[in-house]
Asker: 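Have a look at the structure that comes next, please.
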Amino acid sequence: MRKFFCDVALALIVPIGFLWVWHTCSLNIQNEVVLPKIANVLSVLSHPQADLFNMGSLSRNVIASLVRVLTGYFIAVVLAVPLGLLMGYSKTAYKMLDLFFGLFRPIPALAWIPLVLAWFGVASMATVVGIEEGEWYPFFSNIKLSMIFIIFLGAFFATLGNTVHGVRNVRVTLVESTKVLGATRLQIAYKIVLPAAAPQIFTGMRAGLSSSWTALVGAEMMPGSISGVGYLITHAYTVAQTDVVIAGMIIIAVMGKILDQVFALLEPKKLKLQKLYR
Amino acid sequence: MANPILEARGLQKIFDPNSPRTLVAINNLNLSVEPNEFVCIVGPSGCGKSTLLRIFAGLDAPTGGEALIKGRPITGPGRERGMVFQEYSLMPWRSVEENIFLGPEFSGRSKRECKAIAQKYINLVKLEGFEKAFPHELSGGMRQRVAIARALANDPEVLLMDEPFGALDSYTRIILQRELLKIWQANRKTVLFITHSVDEAVFLSDRIVVMSARPSRIVLEEVLDIPHPRTQDNPAYGKTVKKILDILEEEQEP
Ligand SMILES: Nc1ncnc2c1ncn2[C@@H]1O[C@H](COP(=O)(O)OP(=O)(O)OP(=O)(O)O)[C@@H](O)[C@H]1O
Ligand SMILES: [Mg+2]
C-alpha cells in the first residue's frame, strides 16, 4: 500500500512541475491566444454539454470521434488479422505479399488524404447504409468514408505487421513437437500456431488502436468534417480559441490512454501465461 | 537377429550443399536398433547426434543413404515415433494434462478419453496433483516429466530422446533416469537416447553407440550386459565408463 502511494507520487512529480511551468508562463505572457490559463482550459473541460462557438458540445464531438475510430479500427482488425495469419503461416503468401505491404507501411496515413478525398469525396456511412433522412441521418452522415479510411490505414499496418511477426516467430520446437505427435497441418495451425502467436497478435491490435486514434485528428481536419475532436481543434484555432484547442488535445490524450488501458484489461489471462514461461 | 525397428544405411546429411558454408554433418553412418532395445548415443558436441535423431523422427531428410522404420523409408513424422526434445517444448497456454493429451486429441479421441489417458501418464511420471498446473509453475525436472508423459501418451513404439535430462541437476537427473528405466521395463518400448554423459549412458542402456567427430560415423558399439539396477560399485560399470571416455578423448583430439 505504501509502495503504491510512493509510485503514484513519483509518477506525479513531472506532470505537476509541468502544470506549474504552464501556470507561471501563462501569468507572465498574459495572452490567451498564445497560452491560455489552466483555469480557462479546465472550465471548457468541465462543461462538456455546453455548445462551443457553434461547433457543438464537447461530449457530442468526443462521441463522433469515438464512433469513427471504432468503425475504422474494427474494419482494420477484421481484415488484418486473417491476412496476417495467412502471411505468417504460408510461405508463398508471405513471399507474394510482404514486399507489397512493406512498401505501403512507411506512408503516413495523412499522406493519403488527397487521394482519399478524390475517391470518397463527402460520401458517408449514410450513403452506404442508404439512410437519406430521419433521426439517424446526422449520425451516419458524420461518419465520412474518407475518415474511416484514414483511421483504417492507421490501424491496419500495425495489426498486420504484428500478426505476421507473431505467427512467423512461433518457436520451431513447439511446432515440431506437435508434428511428431502426428498433428495435421490444420491442427498445427489452429491448436498451436494460433494460440502461440496470440499474445503478439493482441499486442498488434493494441498498437493498432493507438495509431488509429493518432490518425483521427488528421482525418477530422479534412474538408467536409463538421464534428469530432480533430475538427474542434482545427476550428477553434481559426477562431483563436486556444483554450478549446488545448482542451481538445487533453481529451485526445486521456481518451487514448483510457482505450489503451481498457484494451490491456481485456487481455485474456491465458495470453499472459506465455510471458511467464521462458 | 530379429528385424531392426530403426535402421540407418549409409546415412549422409550435408547442410547447405553447393554453398561455401557447406557442412557434412553425418557421412556414411550405419546403425540398427532392435525392438525393445535401449540404445544410447554419445559423441563429441556438434558431431550430429541431434541431426541423426531428427532424421529418425522425420523432421529432417537425409541427403544420402536411407533411414528406415520397420524396413520402410521414413518420409515424415509418425505416431509410432515419439520424441522428447532437449529444450522446452511444452505449450505454455495448456495445463499439464492438456499438454499430455495433445497426441490423443490430435487423433480425435473424446475429451473424456483424453483426460483418462493423461491421468494414467501423470501417475506414471509421478505428477499427481499437478494436472491443472501450467508449465511456468513447474520446475525443470517436472517439465521434462511432462514432456516424457506427453510422448508416452501417444503410445509410440519408439521413443527418441535428445538429451532430455541435460539441463537438470545431477540429483533430479538420477531420479528421472530410474523412472525412465522403470517405464521402459514396464512398457517395453524401444528407446534411442542421446546424452553428453557417459555415466548416464552406462546407467541406462543395453548398447552404447559412440559417434566420431564430424563428419561423423560410428566408432564403437558397446553392448552392456550389466544387470539392473547398475551401481557405481559394480566393477564392470566403472570399466565401461572408462573405456568409452578414453575413446571420446581420442575423438576430441584433432
Ligand atoms: N539447420 C542446420 N543448418 C546448418 N547446419 C546445421 C543445422 N543443424 C545442425 N547443423 C550443424 O550440424 C552439426 C551437427 O549438429 P547437431 O545439432 O546434430 O550436433 P549434436 O551432436 O547434437 O551436438 P550437441 O551435442 O552439442 O547437441 C553442427 O556442426 C551444426 O552446426
Ligand atoms: Mg544436440
Side-chain angles (χ1 to χ4, degrees), chain A residues 81 84-85 88-92 95 162-206 263-278, chain B residues 50 53-60 74 76-96 98-109 114 133-140 143 146-156 158-162 164:
Chain A
V81 171
L85 291 176
Y89 201 56
S90 148
K91 290 210 167 61
T92 319
K95 284 177 194 154
N162 273 292
T163 306
V164 173
H165 196 253
V167 174
R168 285 175 66 87
N169 281 299
V170 172
R171 281 177 54 97
V172 179
T173 317
L174 292 192
V175 175
E176 287 184 338
S177 60
T178 39
K179 276 189 187 159
V180 296
L181 290 172
T184 62
R185 233 178 111 80
L186 195 65
Q187 284 172 329
I188 296 174
Y190 78 94
K191 291 215 161 134
I192 306 304
V193 175
L194 190 60
Q200 177 104 43
I201 297 174
F202 196 83
T203 303
M205 288 167 62
R206 198 170 152 187
F263 214 104
L265 284 179
L266 288 177
E267 178 166 4
K269 247 217 179 92
K270 284 220 164 175
L271 297 192
K272 294 183 189 147
L273 292 174
Q274 298 203 40
K275 292 172 197 150
L276 300 170
Y277 183 50
R278 290 273 172 241
Chain B
S50 296
L53 210 67
R54 291 174 55 84
I55 291 174
F56 278 133
L59 293 171
D60 278 342
I74 292 171
R79 307 176 52 87
E80 74 286 349
R81 283 160 286 142
M83 178 143 171
V84 179
F85 294 80
Q86 174 174 18
E87 64 276 33
Y88 88 69
S89 64
L90 304 180
M91 314 302 156
W93 62 90
R94 283 180 160 246
S95 66
V96 165
E98 287 167 339
N99 263 287
I100 294 176
F101 65 56
L102 264 170
E105 185 179 322
F106 287 143
S107 50
R109 302 287 200 99
C114 282
F134 284 93
H136 74 268
E137 298 165 320
L138 305 179
S139 71
R143 289 173 190 177
V146 178
I148 293 170
R150 182 174 70 185
L152 290 170
N154 215 20
D155 200 20
V158 182
L159 207 51
L160 305 166
M161 307 180 87
D162 191 352

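Chain identifiers are assigned alphabetically (A, B, ...) following the order of the sequence lines, protein sequences preceding nucleic acid strands; residue numbering begins at 1 within each chain.
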Asker: Do you know which of B:Arg81, B:Arg79, B:Glu87, B:Glu80 has the most heavy-atom pairs with chain A at a distance under 4.5 angstrom?
Answerer: B:Glu87
Asker: Which atoms of B:Gln86 are under 4.5 Å from chain A, going by heavy atoms: the side chain, the backbone, both sets, or neither?
Answerer: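 Neither part; nothing is under 4.5 Å.
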Asker: Mind listing the closest non-hydrogen atom pair of B:Ser89 and A:Ser177 along with its distance?
Answerer: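 Taking B:Ser89 first and A:Ser177 second, the nearest heavy atoms are O-OG, 3.6 Å.
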Asker: Could you measure the distance from the CH2 atom of B:Trp93 to the CG atom of A:Leu174? Nearest 0.5 Å is fine.
Answerer: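 Answer for the CH2-CG pair, B:Trp93 versus A:Leu174, is 5.5 Å.
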Asker: Check each of B:Arg150, B:Glu105, B:Met83 against A:Leu181 using the side-chain contact (heavy atoms from CB on, under 4.5 Å) test, and report the only one that passes.
Answerer: B:Arg150
Asker: Looking at CZ of A:Arg171 and OH of B:Tyr88, how far apart are the two atoms once the value is rounded to the nearest 0.5 Å?
Answerer: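 It is 4.0 Å, given to the nearest 0.5 Å.
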Asker: Chain B heavy atoms under 4.5 Å from A:Ile188: which part of the residue, side chain, backbone, both or neither?
Answerer: neither
Asker: Please name the pair of heavy atoms, one in B:Met91 and one in A:Thr178, separated by the smallest distance, quoted to 0.1 Å.
Answerer: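 Result for this residue pair: CE-CG2, 3.7 Å.
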Asker: To the nearest 0.5 Å, what is the distance between CZ (B:Arg54) and CD (A:Glu176)?
Answerer: 4.0 Å
Asker: Tell me, side chain or backbone of A:Ala196 under 4.5 Å from chain B's heavy atoms, or both, or neither?
Answerer: both
